[in-house]
Amino acid sequence: MTDSTRLGGFKVLKNVVRISLFPPRELARFPLRLCTLLAENRINLPYLTVLCDSGSWSINIIVDVSDQEKTTSLIEETFGHVSVAHSKSAILSVFPHRRNPEISGRLFEAFDQQGLDPDAFANSPSTISVIVREELLQSASNALFEPFSFSAYRTPEDWKLAQSGKEELYKEVVASYQEKRPGIYGLEYQEGQELIRLRIDRSGMAKVGSSFKGFARLGLNLTFLATSSSEDGLKENLAFCLPLSEGQTYRGAIKRLAPELDIDTLSPVTTFSMNGPHFGDRYGIVSELLAALEQSDIGLLALSCTVASITGIVHQDQTQITLQAIQESFDVPSVTRKE
């Protein structure tokens, strides 16, 4: 790759609020109950991440600023004090990353070099999405032009001009989700993956970025990435998937650059991804998926919903039952096994 990696472009969704949730372990089936609650109240989720670590959930949701008060009230009335509402945010999405870990690595490094502190990251098969406080949006957008060049914009000023009148650029789906049986464009899955989970302070993201660039030089694909805040607010939870390591471990590669990090790995796992015509307006869609997994007693390890895609992780021995559960709840025109 050259000093400036060429990408297609990036999009922004503003006027949203990030809410972090840390339910106690005794709140069983919390992700399903949460998403069902929001679906019943027709609250859309343009962004959602769910991470499970030792039986505890850490969850990020994004809602429109107009739904913030209603959402937090519903959560507290139903579950008690499990949410922490953050300031007004924006979603900045870069595409396409082609599952190349160097793109994520450069993104981590760029924000660190500019002294910026994003609230969360997540990827889909084609896009990396970053949650930033809205007052940092311009600085975050400017930072992207150091490691990347974009076919749509030559400079930050070009990008800023292109946003005029397009504040709702993300909301490409104008009709609310109505299908009794959601239709998707396709279902992809990839077996033989390794899930790596880190607890990291924000200053360590650049070191992880350097590790990702090393993984890219080995020709590895990044099939999952999501972060969430820890409940104490001092560290981030970072989960990502790469192909099963042979010989040299990912733990060792990361520890050489950042020996202070807490790391654990789980393998083998399978990642799956799906997208569809209403996924950007997705109340009711995630709850359908979680209900299908629950009914089949599938142990979800992680989930991310960004732009128009849902990506999840399950134990590899549950691959076929997961595919079957999805096909029984969604109209799936094709299933593709990725190598």
Can you confirm whether more than 12 heavy atoms, excluding those of Lys338, are under 6.0 Å from its NZ atom?
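For Lys338, atom NZ is not crowded (no more than 12 foreign heavy atoms under 6.0 Å).
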
Check whether more than 12 heavy atoms from other residues, nucleotides or ligands sit under 6.0 Å from atom CD of Glu69, and answer yes or no.
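No, CD of Glu69 has 12 or fewer neighbouring heavy atoms, counting only those of other groups under 6.0 Å.
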
Which heavy-atom pair separates [X] from [Y] by the least distance, and what is that distance?
X: Gln193; Y: Ser267; value: O-CB, 3.9 Å
X: Ser20; Y: His86; value: OG-NE2, 3.6 Å
X: Asn60; Y: Ser229; value: ND2-N, 4.4 Å
X: Pro182; Y: Ser329; value: CD-O, 3.6 Å
X: Ile184; Y: Pro333; value: O-CD, 3.1 Å
X: Arg99; Y: Ser273; value: NH2-OG, 4.1 Å

Using the rule that two of Ile, Leu, Val, Met, Phe, Trp, Tyr join whenever any of their side-chain heavy atoms come within less than 4.5 Å, decide whether [X] and [Y] are in one cluster.
X: Leu218; Y: Leu244; result: no
X: Val132; Y: Leu116; result: yes
X: Leu27; Y: Ile19; result: yes
X: Phe95; Y: Leu222; result: no
X: Leu257; Y: Leu107; result: no

Pairs in or reaching into residues 289-317: which pass side-chain hydrogen bond (donor to acceptor under 3.5 Å, both in side chains), with residues at least two apart or in two chains?
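As it turns out, the side-chain hydrogen bond (donor to acceptor under 3.5 Å, both in side chains) pairs with a partner in residues 289-317, which skip direct neighbours, are Arg29-Glu294.
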
Student check: side-chain heavy atoms of [X] and [Y] closer than 4.5 Å:
X: Gln138; Y: Asn142; answer: yes
X: Met205; Y: Phe111; answer: no
X: Val286; Y: Val50; answer: no
X: Ile196; Y: Leu238; answer: no
X: Ile285; Y: Ile310; answer: yes
X: Leu34; Y: Val82; answer: no
X: Ser126; Y: Val307; answer: no
X: Pro277; Y: Tyr185; answer: yes

Nearest 0.5 Å, what's the [atom1]-[atom2] distance between [X] and [Y]?
X: Asn123; Y: Thr227; atom1: CG; atom2: OG1; answer: 10.5 Å
X: Thr49; Y: Ile131; atom1: OG1; atom2: CD1; answer: 8.5 Å
X: Leu242; Y: Phe215; atom1: CG; atom2: CZ; answer: 5.5 Å
X: Ser141; Y: Leu136; atom1: OG; atom2: CG; answer: 10.5 Å
X: Trp57; Y: Phe22; atom1: CH2; atom2: CZ; answer: 14.5 Å
X: Ile91; Y: Asp119; atom1: CD1; atom2: CG; answer: 11.5 Å

Should side-chain heavy atoms under 4.5 Å link Ile, Leu, Val, Met, Phe, Trp and Tyr, which residues sit in the same cluster as Val269?
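Its cluster mates, by chain and number, are Leu51, Leu195, Phe224, Leu266, Leu301, Ile313.
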
Per the side chain to side chain contact (heavy atoms under 4.5 Å, CB included) rule, which among Asn237, Ile263, Leu261 passes with Ile200?
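Going through Asn237, Ile263, Leu261 one by one, the side chain to side chain contact (heavy atoms under 4.5 Å, CB included) with Ile200 is satisfied by Leu261 alone.
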
Here's a test for you: under side chain to side chain contact (heavy atoms under 4.5 Å, CB included), which of Ile43, Val17, Val16, Leu45 qualifies with Asp67?
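So, applying the side chain to side chain contact (heavy atoms under 4.5 Å, CB included) to Asp67 and each of Ile43, Val17, Val16, Leu45, only Ile43 qualifies.
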
For Cys52, does its backbone N or O pair with a side-chain atom of Arg197 as donor and acceptor, under 3.5 Å?
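Pair found, side chain donor or acceptor close to backbone of Cys52.
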
Stepwise side-chain contact (heavy atoms from CB on, under 4.5 Å) check, Ile128 with Ser104:
CA-CA 7 Å; Ile128 300 173; Ser104 300; 3.2 Å; yes

Any side-chain donor paired with an acceptor under 3.5 Å for [X] and [Y]?
X: Asp64; Y: Ser66; value: yes
X: Glu328; Y: Gln324; value: yes
X: Glu134; Y: Ser87; value: no
X: Glu194; Y: Ser245; value: yes

Is there a salt bridge (Lys or Arg N to Asp or Glu O under 4.0 Å) between Arg181 and Glu288 once you walk through the steps?
CA-CA 9 Å; Arg181 183 179 170 89; Glu288 290 272 2; over 6 Å; no

Who passes side-chain contact (heavy atoms from CB on, under 4.5 Å) against [X], sequence neighbours left out?
X: Glu76; result: His81, Ser83
X: Asp112; result: Ala206
X: Gln327; result: Leu323, Val332, Val335
X: Arg217; result: Lys213

Steps toward side-chain contact (heavy atoms from CB on, under 4.5 Å) verdict (Thr265, Tyr250):
CA-CA 9 Å; Thr265 63; Tyr250 300 128; 5.5 Å; no

Asn41 and Tyr283: CA distance, side-chain angles, deciding distance, side-chain contact (heavy atoms from CB on, under 4.5 Å) verdict:
CA-CA 9 Å; Asn41 288 274; Tyr283 75 77; over 6 Å; no

Sequence neighbours excluded, which residues qualify as side-chain hydrogen bond (donor to acceptor under 3.5 Å, both in side chains) partners of [X]?
X: Gln190; value: none
X: Ser139; value: none
X: Ser56; value: Arg25

Given Glu191 and Arg337, is the side-chain contact (heavy atoms from CB on, under 4.5 Å) satisfied, shown in steps?
CA-CA 8 Å; Glu191 297 176 300; Arg337 183 178 185 271; 3.2 Å; yes

Partners meeting ring pair (Phe, Tyr, Trp, His ring centres under 6.0 Å) with Phe240 (sequence neighbours left out)
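Residues passing ring pair (Phe, Tyr, Trp, His ring centres under 6.0 Å) with Phe240: Phe212.
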
Strictly by ring pair (Phe, Tyr, Trp, His ring centres under 6.0 Å), give each pair with a member in residues 23-49 just once, sequence neighbours left out.
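Found Phe30-Phe79.
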
Please list all pairs meeting ring pair (Phe, Tyr, Trp, His ring centres under 6.0 Å) that have one or both residues in residues 116-144, counting only residues at least two apart or in different chains.
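Sorted pair list: Phe108-Phe121.
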
